Amino acid sequence: MTGAVEAVSRLDALRARIDGWKREGMRIGFVPTMGNLHEGHYSLVRLARAHADRVVASVFVNPTQFGPGEDYERYPRTPDADVAGLAAAGCDLAWMPAVDAMYPLGLECAVRVHVPGITGVLDGAHRPGHFDGVCTVVARLFNQVRPDVAVFGRKDYQQLAVIRHMVRDLAFPIEVLGADIVREDDGLARSSRNQYLSEEERAKAPAIHRALLAMRNAVQGGQGWREAESAAASQLQAEGFEVDYAVLRTPLLAEPPGAGAPGDDGQRVALVAARLGRTRLIDNLEFSSNS
Ligand code: PAF
């Protein structure tokens, strides 16, 4: 379905519209975004649409999830194109608050949400405080929108796991769905940050997807996971990447157990975060080590 999308930036307007839908017994789907939308985001909207009567998408570049020296200031902001794209994707309402509408007491006084454990590794270790910022804003967005179902991309694998943990622990009455990664023809995962890449970097970037496939193939072929990880990291370094991590993990991001460990269903995820110049890219591949 395509049509007009209403864009609101005041919380009372958002609440009025959603209250009306709820009074009519409608199921509300929600897609949180930081804008600069592309096909990856629109696939989330379509998934939400398939699970809800009305779809709300938020467009908000969240300052609390960027560390010092990261790309908060230069993060691409394209609100008009986002609203047009959301309409075409079947979204009904765009929630586009300013920073002071999201953080009315100011950033210093904002109540923070911290998920322990799973946020201490991988992106949590490389971007200290990042997931506190993500959970802090997503908890607010959930309270503002009060969706029945919320959709997150599987490209941000650790983020999805952290959100599931938060939803379960804080008893948000929300079903969380993960949407498949959308890739370019050459395998590069769609991301707003891809546009930072120079022509030369863009040509190199699909090596991340190849590294993920190589780790999967190595493990499925019987190679040890540590060897597969170090081969992937070496390959990416040789191609000019600065590698934050290239790892194999269980679905809850633990190191894989030894062969035949009780309770191990063989599900694995290969994850990479690597920089090309100033651009940090992440990607992952879920697979079964038994096949
Ligand atoms: O995945 C993102 O774009 C952001 O981390 C999110 C979930 C919209 C929170 O700001």
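Just so you know, ligand 1 is whichever comes first in the structure, and atom 1 is the first atom listed for that ligand. Residues take their numbers from the sequence shown, with the count starting at 1. Since the structure is predicted, the reported quantities are computational estimates derived from the model, not experimental observations.
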Mode of T33 contact toward ligand 1 - side chain, backbone, both, neither (heavy atoms, under 4.0 Å): backbone
Neighbour count >12 (heavy atoms, 6.0 Å) for atom CG, L170: yes
Atoms of ligand 1 close to P32 [distance to a heavy atom under 4.0 angstrom, numbered from 1]: 8 (C)
Ligand-side contact atoms (ligand 1) for residue partner V137, heavy atom cut-off under 4.0 Å: 9 (C), 10 (O)
Salt bridge (Lys or Arg N to Asp or Glu O under 4.0 Å) against R210, all qualifying residues, sequence neighbours excluded: E239
Under the salt bridge (Lys or Arg N to Asp or Glu O under 4.0 Å) test, residues paired with R183 that sit two or more places apart: D283
Option with minimal heavy-atom separation from atom 10 (O) of ligand 1, where the choices are K155, M34, Q65, Q159: Q65
Whether S288 side chain and Q267 backbone form a donor-acceptor pair below 3.5 Å: no
